[in-house]
2 protein chains.
Amino acid sequence: MSGDALILAQDRFIAVWGQMSGAWGISRTMAEVHALLYITGQALCTDDIMERLQISRGNASMSIRSLLDWGIVERAHKRGDRKEYFRAEQDVWALFRAIVRERIAREVDPLLASLHEIRDMTPTDRARRGEAIPESQKHAADEHNKRLDDMLQFFQVLEKLGNRFVSPAGRGLQLAATLLTKMDVGGARP
Amino acid sequence: MSGDALILAQDRFIAVWGQMSGAWGISRTMAEVHALLYITGQALCTDDIMERLQISRGNASMSIRSLLDWGIVERAHKRGDRKEYFRAEQDVWALFRAIVRERIAREVDPLLASLHEIRDMTPTDRARRGEAIPESQKHAADEHNKRLDDMLQFFQVLEKLGNRFVSPAGRGLQLAATLLTKMDVGGARP
DNA sequence: CTCATCTTTCAGAATATTCTGAAAGTTAGT
DNA sequence: ACTAACTTTCAGAATATTCTGAAAGATGAG
């Protein structure tokens, strides 16, 4: 009986993790493969994964490759066996550090670059002196620039915070975060 | 000439924001509508949005509705005009507080509930005493439970941290985050 | 109450994403 | 160098998501 319970719990975890995939911007299968590797804690080969998740070889191969790219799954080998095995990072904080690292590189950094580009598309107030432009247009441009700057500043803070979390010194931040949630810094107090 | 530059910069911002949509788990149009409202800073009506983004009325209506649900766009009215106008939250930090609030409610809370359910599917070591179960199975179940507990703990910290950021007292955290990035707490120092 | 105006809904069309499976590619052993 | 074992690729199929537009549903003025 007990063996079944474990398998059932694993399947449920895989399903739940798979549902999160959409919100995280990765494909469902990729999340499921990761869930399987994480929750079993074992090094599995492509065929193991195909069979357990009922997916094609191509799909398994691509999902594994993506997980390797994200750095949250690593290759493993068994002696006397030519197959490649894969094992998921077992430290949850290390897992999320890797995710944060990748998302900064894939999303925040390019976004910052684009925002800078856009910032350069309209003249600053200073750079405009002398030109005969209606006040109303100047005003609109200034407001526009302020909004861009606000956004830029926010993502710069986010990027620095993320990099700090990810860095070797980041384990300190991990501790800080944990402590913060335990501390009672509640709003309504003398 | 200058008027064009502004429009062009706005279009570029809308496009860039739209590309981020996938990673954030919202639809492209929804992101574009938000971008338009944010970057123009104006209250626009459905027809304005339809025309500027070249989308259908249905699409516009649904996207606006979603943005209202997320709490990052609000209704506005002009006197002597029956149409509804919409304006985006202009404070970037308030915007992201709203996003964090929604994502906790939509993703983290349900995930925590599911993880707890899954945790209850396998017996704890304590609850197992007396039963005749092979050692190896007991061991597997214990490891499984530990992995679930690790994950559970992580998301509990994340949830508390998020709630604190979102709370009225959260502006303190905002300041803390900004300061953190300005402080030099670098790793390699005496 | 009726009309005119504006908003929402939703079935089907358009589009985008993900998956399959067979073929091509790679590698280790002999 | 050949072969068997294993992995990756990718065109097309399957699936899922998003969008359209017309019809139904509101709402307020007169």
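Every chain is numbered from 1, with letters handed out A, B, ... down the list of sequences. The structure displayed is predicted, hence computed values, not measured ones.
- Judged by distance alone, the side chain of A/Ser63 and the main-chain N or O of A/Ala60 form no donor-acceptor pair under 3.5 Å.
- For D/dT17, the OP1/OP2 oxygens have no side-chain nitrogen or oxygen of B/Ser27 closer than 4.0 Å.
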Check the pair B/Leu36, B/Gln10 against side chain to side chain contact (heavy atoms under 4.5 Å, CB included), reporting the backbone distance first and the verdict last.
-> CA-CA 7 Å; B/Leu36 173 62; B/Gln10 288 176 344; 5.6 Å; no

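- At a threshold of 4.0 Å, the pair B/Asp150-B/Lys146 counts as salt-bridged, since one of the basic side-chain nitrogens sits closer than that to a carboxylate oxygen.
- Distance, A/Met50 CE to C/dC19 P: 14 Å, rounded to whole Å.
- Atom-to-atom, CZ of A/Arg28 to P of D/dA16 comes out at 8 Å; the value is rounded to the nearest Å.
- Every residue meeting the ring pair (Phe, Tyr, Trp, His ring centres under 6.0 Å) condition with B/Phe155, not counting sequence neighbours, appears here in chain and number order: A/Phe96.
- No donor-acceptor pair closer than 3.5 Å links the side chain of A/Glu74 to the backbone N or O of A/Gly71.
- Near DNA chain D, meaning a heavy atom under 4.0 Å from it, residues 30-42 of chain B has no residue at all.
- Between A/Lys138 and A/Glu135 there is a salt bridge, since at least one side-chain N of the basic residue sits less than 4.0 Å from a carboxylate O of the acidic one.
- Between the CH2 atom of B/Trp24 and the C1' atom of D/dT17 there is a distance of 21 Å, rounded to whole Å.
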Treat primed atoms plus P, OP1 and OP2 as sugar-phosphate and everything else as base, then score nucleotides 6-13 of chain D 5' to 3': B for base contact with protein heavy atoms under 4.0 Å, S for sugar-phosphate contact only, - for none.
-> SSBBB---

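- Taking a 6.0 Å sphere around CZ of B/Arg87, one finds it holds 12 or fewer heavy atoms contributed by other residues, nucleotides or ligands.
- Going from atom CD1 of B/Ile49 over to atom P of D/dC19 covers 14 Å, rounded to whole Å.
- Although no hydrogens or angles enter the test, the distance criterion places no donor-acceptor pair under 3.5 Å between the side chain of B/Arg75 and the main chain of B/Leu68.
- The interatomic distance linking B/Asp69 (CG) with C/dT8 (P) rounds to 11 Å, in whole Å.
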